[in-house]
Amino acid sequence: MIRPHRSHPLWIAFILHRISGVVLALFLPIHFYVLSLALTDPTALDGFLRFSDLFVVKILETVLVLLLAVHLFGGLRLMAMELLPWTNWQKSLAASSIALGSAVACLFFLKVV
Amino acid sequence: MTDSNTETLNVSVWRGDASGGQFRDYQVPVQENQTVLDVVTWIQQKIDDTLSYRFACRVGMCGSCAMTVNGEPRWTCRTHVNRVTQSSSLEIGPLRNLPVIKDLTTDMDPFFDKWTKAGGTHRASRSRNDGMVPVDPASKERMIASEGIECINCAVCYAACDTVAANPQYLGPASLQRAWTLVNDEKHDDRSAVLRAVAAEGGCYNCHSHGSCTRYCPVELNPMKAVAGLKRTTVAKLWGK
Ligand code: SF4
Ligand code: SF4
Ligand code: FES
């Protein structure tokens, strides 16, 4: 359970940024490994690509895109907050970055399915 | 206020010292306009006079009465019981992130040591013989400094900050906000020393901008904004601006 002092929008934005960052850090090495198969083992790559056609894998991919997009827009928000003149609508900006990230993930899902 | 009211509050109060402790339950009569500090005082005066806690002004000026109330850091003299509890139960503990001395009293030394470490000691840019530095209250710098000077040193923000909890070296929101007021204070000598202090290990770059400090500051200051100001200014300095 989220402890009482953490249940506010900017803390939620923080934890989403942290979780998406960790998941992306785990994902990237796997991603590069799969790409490297194109050079080292094309048959294995073909097998993997067939596997990635499965519906559940598409869902997982969408989740990845969601995390990537949320991390991207959240990161831009943080950089703007720390490097540009202060704005008072931090909560709205955090909500917008999550909304933008979700919109990108929805578009991706509609495109791949 | 009368004691004849039969409605009671179930209050769990943390009892113990630096070596450990536990919550103990007390029944306290409900009174109109009762603050959390009133509840603690009632327990100490009517049930157990060994209960230790700290307060002074009772009007939100001195910053000495902060405790953890139902999991959240609060100034207890200005926190009405009915604002923090829907049911009739209340859990009161010492502030987080500070060593406990006894019961609800914490040792504030680490908190104030960090004020000094963040360059928070005022160093006058002139001696008494030089006359005052003229400060225009409407200047941009002065307005920025003024935003942070009403801090009552209550450590509520410090207790709310998860970065302090994870990294005991972190200077924390209050001392960094103090540093930010000095960086913008024309009367302060060697303001770049303050910037160096806050950019060192444990300084402003540790802040994760979750804003719990700002969310809980009882006098509605914005330490998160002050820390962002320090980050921006120290980074700009790196680029020679
Ligand atoms: S915004 Fe920074 S100072 Fe405030 S609670 Fe978060 S880490 Fe602490
Ligand atoms: S910034 Fe606010 S919460 Fe923090 S010590 Fe000052 S008054 Fe208390
Ligand atoms: S007793 Fe002084 S602020 Fe609460």
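Chain letters run A, B, ... following the sequence lines, proteins first and then strands; every chain starts at 1. Keep in mind that this is a model prediction, so the values were computed, not measured.
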- line: Heavy atoms of B:Lys231 and B:Ser209 approach each other most closely as NZ-OG, 3.5 Å
task: State, to 0.1 Å, how close B:Cys77 and B:Thr35 come at their nearest heavy-atom pair, and which atoms those are.
output: O-CG2, 3.4 Å
statement: Here the salt bridge (Lys or Arg N to Asp or Glu O under 4.0 Å) pairs for residues 209-226 of chain B, sequence neighbours left out, are B:Glu72-B:Arg215, B:Glu147-B:Lys225
- request: Ignoring hydrogens and angles, tell me if any N or O in the side chain of B:Thr8 forms a donor-acceptor pair with the backbone of B:Val28 under 3.5 Å.
  value: no
- prompt: Which one of A:Gln90, A:Arg18, A:Lys91 has the most heavy-atom pairs closer than 4.5 Å to chain B?
  reply: A:Arg18
query: Is it true that a side-chain atom of B:Thr106 and a backbone atom of B:Met108 form a donor plus acceptor pair closer than 3.5 Å?
result: no
message: Heavy-atom pairs under 4.5 Å with chain A - which of B:Gly211, B:Ser212, B:Ala159 has more of them than the others?
response: B:Ser212
query: Considering heavy atoms only, which positions within residues 73-85 of chain A lie below 4.5 Å of chain B?
result: A:Leu78, A:Met81, A:Glu82, A:Leu83, A:Leu84, A:Pro85
statement: Heavy-atom nearest pair, B:Tyr216 first then B:Val156, reads O-CG1, 3.4 Å
- prompt: Tell me, side chain or backbone of B:Asn222 under 4.5 Å from chain A's heavy atoms, or both, or neither?
  reply: side chain
field: Short side-chain to backbone donor-acceptor contact, B:Asn97 and B:Cys161, under 3.5 Å
entry: yes
